[in-house]
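Here the structure is a predicted model, which means the values were calculated and not measured. Lettering follows sequence order; numbering is per chain, from 1.
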Amino acid sequence: MLPDGWERKTVSDICILQNGNGFKPHQWDTKGLPIIRIQNLNGSSNFNYFSGKPLEKWLVNPGQILFAWAGSKGVSFGPFIWNGPQGVLNQHIFKVFSKGKVDKNWLYLILRSITDKIEGQAHGFKATLVHVKKQDIDTQVVNLPPLPEQKKIAAILSTWDRAIEGTEKLLANSQQQKKALMQQLLTGKKRLPGFTGEWKKTTIGNIAKEISIRNKNRKNYPVISCTKTKGFVDSLSFFNKKVYSDDLSGYKIISRNQIGFPSNHIEEGSIGLQNIHDDAIVSPIYTVFSMGKNADPLFVFAVLKTDHYRQIFAAATNSSVDRRGSLRWSAFSQIKINLPSPPEQKAIAAVLTTADEEITAIESDLSRLRQEKKALMQQLLTGKRRVTVD
DNA sequence: CGTATAGAACCCCGGATTCC
DNA sequence: GGAATCCGGGGTTCTATACG
């Protein structure tokens, strides 16, 4: 079962966990050493500072392995390698020191690999915020390979990390390019070959018509929601729960290629093109509209998604009483839009769709890489698959 | 009916206190 | 004095609903 030369060890055999200090608010300052809190492990650079004389055991230098034993499940809980500035450690976080013949990089990986299990032991009065006992970490059992093999395993997995980083960069590039493309094509700053005609200055009300059909006969349409980043999604999968209301007769019907947005929150950017069902229903608060024959839904939607229009929406909604925004069709329909000829709209939309497809392809590459790395990591760390050490 | 406001769910957190 | 537990909050982002 256990490979030759490997040993069964508990976490307390291979490392020492040393708690951070509970800094009190009156010790906070605006200068001095940053106090490293859980949120800082997860990318936040929102620091309090400690300007007194720090004890040695509080100090954290870059490269130090830390372990957050409280935090959000699957997000801020678990091991992190500190790559921020030198600082002092807040409570709820351990400093992790390797013990004996244990490689630091391997140690990080093995801790990462058992994080789910440790999270499973969590207690706490809310499911999203977990706390574990030191003991629950210390008593976890791991398979410890000889030092050279630890190093080899860590090295192999770091090459995967580099591949993933490379793909992430590729993705960021493509997204950047698409943004630039949108900036150029949707404003008419740059024209696709073969198109010359003047763009028509008009308003949304002139090219689209509000649709306000209630689901009076209570048809069993899927209920969908418009989220900021994903556009329309099925409410059931989005909320992981049932839809709030039992009576869906007041909901509005939205058909394929129509655009909708929750009219009291468009400043958040949640506006979507309905492209997941032939017919579906949305909350009564939504405004739904369909394009006239001279306006291409894909083109119009792409325009409405640009930063420029997001700002227009924000300006129109910020004036409302509680600053939570509301933008009704009467005001929305007056927003100006420049429209090229239908063939040019289609051509531009096609270019953007191609860019989207490229991005989707890279995204799926990325998720495949991550998946494969995870599987490999599992095999290497348990000894199910061996590496050759020279 | 449209609109403004209320309410609900979710996400990401951590200081303070008690226990041993 | 370190470990464990107690105890909610601010912000966001969605839907529900009361009221004209």
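Atom-to-atom, CD1 of A/I213 to P of B/dG2 comes out at 13 Å; the value is rounded to the nearest Å. In this structure, A/W69 atom CH2 and B/dG15 atom P are separated by 12 Å, rounded to whole Å. Counting to the nearest Å, the C1' atom of C/dA4 and the CD1 atom of A/I118 are 16 Å from each other. The distance from atom CZ of A/F23 to atom C1' of B/dG14 is 14 Å, rounded to the nearest whole Å. One can place NZ of A/K57 at 13 Å from C1' of C/dA3, the figure rounded to the nearest angstrom. Put simply, CZ on A/F77 is 15 Å from C1' on B/dG14, counting in whole angstrom units.
A side-chain donor-acceptor contact under 3.5 Å links A/N143 and A/R8. Residues A/D356 and A/T353 bring no donor and acceptor atom of their side chains to less than 3.5 Å of each other. Inspection of the A/N40 and A/W82 side chains reveals no N or O donor paired with an N or O acceptor under 3.5 Å. Donor-acceptor pairing under 3.5 Å is lacking for the side chains of A/D138 and A/S12.
When the nucleotides B/dA16, C/dT5, B/dC13 are ranked by their closest atom to the side chain of A/H131, C/dT5 comes out on top. When the nucleotides B/dT3, C/dA16, B/dA16 are ranked by their closest atom to the side chain of A/K24, B/dA16 comes out on top. You'll find that the side chain of A/P25 is closest to B/dG15, out of C/dT15, C/dC14, B/dG15. The side chain of A/I285 has B/dT3 as its nearest neighbour among B/dC13, B/dT3, B/dG14. Distance from the side chain of A/K134 is smallest to C/dA4 among C/dC14, B/dT3, C/dA4.
In this structure, A/S270 does not reach the C/dT13 phosphate: none of its side-chain N or O atoms is under 4.0 Å from OP1 or OP2. An OP1 or OP2 oxygen of B/dG14 is reached within less than 4.0 angstrom by a side-chain nitrogen or oxygen of A/Q39. Under 4.0 angstrom from either OP1 or OP2 of C/dT15 there lies at least one side-chain N or O belonging to A/S225. OP1 or OP2 of C/dC14 has not a single side-chain nitrogen or oxygen of A/Y286 nearer than 4.0 Å. Residue A/N19 places at least one side-chain N or O closer than 4.0 Å to OP1 or OP2 of C/dA3. Within the structure, every side-chain polar atom (N or O) of A/N42 is placed at least 4.0 Å from both OP1 and OP2 of B/dC12. Between A/R37 and B/dG14 there is a side-chain polar atom (N or O) within less than 4.0 angstrom of OP1 or OP2. OP1 or OP2 of C/dA16 has at least one side-chain nitrogen or oxygen of A/Y251 nearer than 4.0 Å.
If you check every strand for non-hydrogen atoms under 4.0 Å, A/I38 touches sugar and phosphate atoms only. Counting non-hydrogen atoms under 4.0 angstrom, A/S76 reaches the backbone sugars and phosphates but no base.
Counting non-hydrogen atoms of other residues, nucleotides and ligands closer than 6.0 Å to CG of A/D4 gives a total of 12 or fewer.
The closest donor-acceptor contact from the side chain of A/S174 to the backbone of A/L170 lies under 3.5 Å.
Two end axes, each from the C1' atoms of five base pairs, can be drawn for the helix from B/dC1-C/dG20 to B/dC20-C/dG1; they diverge by 30°, to 10 degrees.
The base of B/dA16 is paired with the side chain of A/Q91 by a donor and an acceptor separated by under 3.5 Å.
Listed by chain and number, the residues in a salt bridge (charged side-chain N to carboxylate O under 4.0 Å, His left out) with A/D13 amount to none (sequence neighbours excluded). Taking the salt bridge (charged side-chain N to carboxylate O under 4.0 Å, His left out) definition, one finds that A/K252 meets it with nothing, sequence neighbours left out.
The residue among A/V75 and A/N90 whose nearest nucleotide of DNA chain B is located toward the 5' end is A/V75.
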